[in-house]
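Each remark here refers to the structure printed beneath this line.
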Amino acid sequence: MSYAVKEIYYTLQGEGANAGRPAVFCRFTGCNLWSGRESDRQSAVCTFCDTDFVGMDGPGGGRFQTPMELAAAVAEKWPEWGSNEGRPLVVCTGGEPLLQLDAVAIKALKDRGFQVAVETNGTQAAPDGLDWICVSPKANATLVLKAGSELKLVYPQEDCLPEQFEGLEFDHFFLQPMDGPNLEQNTSAAIQYCLEHPLWRLSVQSHKYLGLR
Ligand code: SF4
């Protein structure tokens, strides 16, 4: 199969347990919970998305015909001196990356020396070979992926409460304040929840505060 990718770029991971770690971000085109068109937002399953995942027109984006082509485009973004300076990491994101990312693409990325992480809404099964699975559940979307490295819940979401996820098999549980006009209030609420429920840790979108992509 081929892979439709919005953009590929090198930055620091801003969120969750890997915050601050250098990584190549590979943003796949498309999501199953929203078309990405503003005119559809209110009728979408997921209404608070802050990401442009439509098309293949971003830096480094395009259609890659084979897993090897995709892996080569990702490897091109990792700095040349990196091979001896820490394990390369690629964060496969979207949109919903698991609509496209498959086991052969993961293998091709690993053959290039990458640890492969995914940031998913959890509605799709995960292919074999992933090194890091970050699931961000959404209200009104059936959760299929119930185990992984970190569960990162955007907070608050009506009908999607932290208590619903506490029994699942994740190594880390994060609350991330929902961005938008109520960010300050949402941040206070998330802090308060973490203080009262220490299973949960606060995740802030540090890349936004730091001016990173
Ligand atoms: S599931 Fe993720 S990528 Fe899809 S619309 Fe929601 S926030 Fe955006």
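Positions are given from 1, in the same order as the sequence printed here. Just so you know, ligand 1 is whichever comes first in the structure, and atom 1 is the first atom listed for that ligand.
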I need the nearest protein heavy-atom contact for atom 6 (Fe) of ligand 1: residue, atom name and distance, please. C46 SG, 2.3 Å

Is NZ or CZ of R213 both nearer than 6.0 Å to the six-membered ring centre of Y9 and within 45° of the ring axis? yes

Minimum heavy-atom distance between G95 and C31, given as atom pair plus value: CA-CB, 4.0 Å

The option among G122, C49, G95, G94 carrying the non-hydrogen atom nearest to atom 8 (Fe) of ligand 1 is C49

Can you tell whether the side chains of K107 and D128 come within less than 4.0 Å, N to carboxylate O? no

Does the distance from a Lys or Arg side-chain N to an Asp or Glu carboxylate O, for K152 and E15, drop under 4.0 Å? yes

List every atom of ligand 1 that sits less than 4.0 Å from any heavy atom of N121, numbering the atoms from 1 in the order shown and giving each element. 1 (S)

Counting only heavy atoms from other residues, nucleotides and ligands, does the tally under 6.0 Å from CD of E169 exceed 12? no

Atom indices of ligand 1 within 4.0 angstrom of K138 heavy atoms, with elements: 1 (S), 6 (Fe), 7 (S)

Checking a contact table here: which protein heavy atom is nearest atom 4 (Fe) of ligand 1, and how many Å away? C31 SG, 2.3 Å

